[in-house]
Amino acid sequence: MPRVRFAPSPTGYLHIGSARTFIFNWLYARHNQGTVILRIDDTDVERNTQASLDSIFDGLDWLDLGPNHGADEFYRQSERIDLHVKLANDIFAKGLAYRDFTPAEHTDADVAPSGAAWLFHPAMRNMTSEESDRRAAAGEPFVLRFRVPRETREAVTFADLVYGEQSKGTADIEDFALLRSNGLPTYHMASCADDADLRISHIIRGQDHLTNTFKHVLIFEALGATPPAFAHLPLLIAPDGSKLSKRKHGPVVSVTTYRDGGFLPHSYVNFLCLLGWSPKNDREVMSRQELVDVFTLEGVNRSNATVNFTDADPFDPKAVWLNAENVRALPLDELAARALPFALAAGFHTDEAQMRQIAPLIQERIRTFKDIATVADFFFVEELAPYDAAELIPQKGDAAMAAAALEAARDILQTAEFNHDGLDAALRAGALKLGVKPGQMFQPIRVAVCGRKNAPPLFETLVVLGRETCLHRIGRALEILHTTTTA
RNA sequence: GGCGCUAUCGUCUAACGGUUAGGACGAAGCCCUCUCAAGGCUUAAAUACGGGUUCGAUUCCCGUUAGCGCUACCA
């Protein structure tokens, strides 16, 4: 039974790439009846914040992958530091690590010969244990470095489940730090210690960790543990090819942007799955269960995937399309319930009952719930926003025709049976009587009641609006027409 | 700079040596139609470049180019 983990560090909101990594871990575990472990990698006390942790939980919860943020077990690295330090010291005790007393300021490129990578400080790596112990006992600060076995071993290898056989020469791996001079573990140490201790079987993470994995394999081996299986995921990048970053790309990299933009959680999950993974059968719109059933690591590909967005539109068109597909499939009650908060947030007065009436009229017309504000606004307002009188004039018609149509409509709506069929019959008959095409009759009415030419089907709209509102708005339209033509 | 990874329509992707290089989004056109939307049909659009291997390369190998990642006492 596989055990996978998602290990975010709480230094910002939940990033779209992190969300995808979590989803892939989750799918892999659910597909294989495994366990999802959520581990907060919060060893960097300087940058961690509670607000960030909360927003990561919010993001995971919105994804709607189950209780407890979709995870089965929960850990916090900061509570396990004693373990990390103990295991680091075990490695030191085995002679597989050494103390490096070089002051922090001197660790960088000035020691590295130009052209080659920095590997280690010879004086530190080769120091006698007597001197090392003496300086440590004297209280001199040091970082504990892994002693990469360049003499006894040519390369470190592992088989990545996505990228295949990986190998890197030990001569190209530097003596990386295990413990910092403040005594706290580094990311590499803490991560591997926890992965080993929690018996993680599969590490599924971003490809940015691919080269770190050679170090991790070394740590697992030094710990006497069998390294877990690794599967690296291609990265999500911006349209310009650069990696997604908050500073450069703004809120598009946060999952909350999609949440607030009126996406269904599942649409977003579905969309993210399609980035860097394919079921290979041309299926795109899939339910959560279908995704679980069909997800495999073999379906993950190796090249980075671009998230398509622009300054004008932060949402990838495919995500929007997927959401529209899911919206159309929603039961009307659920559609109404989910759309309501967005109508309210847009400043409209409405309630669930009214939303339920409107639901069938907007279902095929909104792509995200945020569209409710531009698609259904006229249902909510008392007085329509001003519109151009010219809008009232039908195709191949004139102001006189518009006026005649509206006057006829006013009479008809006063007496007609106020339901779809009744209005349909009465208004068509009205058009016939006026000698105009149905469309020429309907358009002025539509503009009069909706305030624009493009709107849901007329009869249903009239019914939802109610006789009184319709008559009032038609009256207003006649006034507008009159004042414009006489002015 | 060193090391690693990647390269199919604008974008997401399919094609485990042999296809007219397929699908989807987006775009364009047509149909349907009371407008819009939805739906149906159609069109444009790709194997980065150069060498090999092979009867045959999108596919395998090498090189070039480009992009990304790692190269911290950050994760």
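Each chain gets a letter, A, B and so on, in the order the sequences are listed, and its residues count up from 1.
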Review point. So, are A:D41 and A:R76 salt-bridged, with charged N and O less than 4.0 Å apart?
Key: no

Check your understanding: A:E325 near the nucleic acid: base, sugar-phosphate alone, or nothing, with a heavy-atom cut-off under 4.0 Å?
Key -> sugar-phosphate

Check your understanding: What is the nucleic acid contact for A:K437, judged by heavy atoms within less than 4.0 Å: base, sugar-phosphate only, or nothing?
Key -> nothing

Review point. Between B:G26, B:C73, B:U71, which nucleotide gets closest to the side-chain atoms of A:P317?
Key: B:G26

Compile the donor-acceptor pairs under 3.5 Å between side chains in residues 267-279 of chain A and protein atoms, sequence neighbours left out, one pair per line.
residue, atom, partner, partner atom, Å
A:S267, OG, A:N323, OD1, 2.9
A:S267, OG, A:N326, OD1, 2.9
A:N270, OD1, A:M286, N, 3.0
A:N270, ND2, A:E284, O, 2.9
A:W277, NE1, A:T296, O, 3.3
A:S278, OG, A:K280, N, 2.9

Point to revise | N or O in side chain of A:K318 less than 4.0 angstrom from B:U11 OP1/OP2 | key: no

Check your understanding: Among the nucleotides B:C34, B:G22, B:U13, which one has an atom lying closest to any side-chain atom of A:F442?
Key -> B:C34

Practice item. From the options B:C70, B:C74, B:C68, select the nucleotide whose nearest atom is closest to the side chain of A:N304. Key: B:C68

Exercise for review: Just call it for A:N212: base, sugar-phosphate, or nothing, with non-hydrogen atoms closer than 4.0 Å on any strand.
Suggested key: base

Check your understanding: Is any side-chain N of the basic residue among A:R80 and A:D197 closer than 4.0 Å to the acidic one's carboxylate O?
Key -> yes

Exercise for review: Report the nucleotide, chosen from B:U11, B:C34, B:C5, that has the shortest atom-to-atom distance to any side-chain atom of A:L210.
Suggested key: B:C5

Practice item. Assess whether one donor atom and one acceptor atom, taken from the side chain of A:R302 and the base of B:C5, lie less than 3.5 Å apart. Key: no

Exercise for review: May I ask you to say what A:F142 touches in the nucleic acid, namely base, sugar-phosphate or nothing, with a heavy-atom cut-off under 4.0 Å?
Suggested key: nothing

Check your understanding: Looking at residues 172-188 of chain A, who's got a heavy atom less than 4.0 Å off RNA chain B?
Key -> A:D172, A:E174, A:A177, A:R180, A:S181, A:T186, A:Y187, A:H188

Point to revise | A:R446 side chain near B:C36 phosphate (N/O to OP1/OP2, under 4.0 Å) | key: no

Point to revise | Under-3.5 Å donor-acceptor pair between A:N308 side chain and B:G10 base | key: no

Point to revise | salt_bridge(A:K168, A:D172) N-O dist < 4.0 Å | key: no

Practice item. For RNA chain B, find the residues of residues 9-22 of chain A with a heavy-atom distance under 4.0 Å and give them by number; none if there aren't any. Key: A:S9

**Study point:** Nucleotide paired to B:G4 in any strand shown, Watson-Crick or G-U, under 3.5 Å
**Key:** B:C68

**Study point:** Residue A:E284, side-chain heavy atoms: nucleotide from B:U35, B:C12, B:A24 that is nearest
**Key:** B:A24

Check your understanding: Without hydrogens or angle criteria, can the side chains of A:H84 and A:T43 be said to hold a donor-acceptor pair below 3.5 Å?
Key -> no

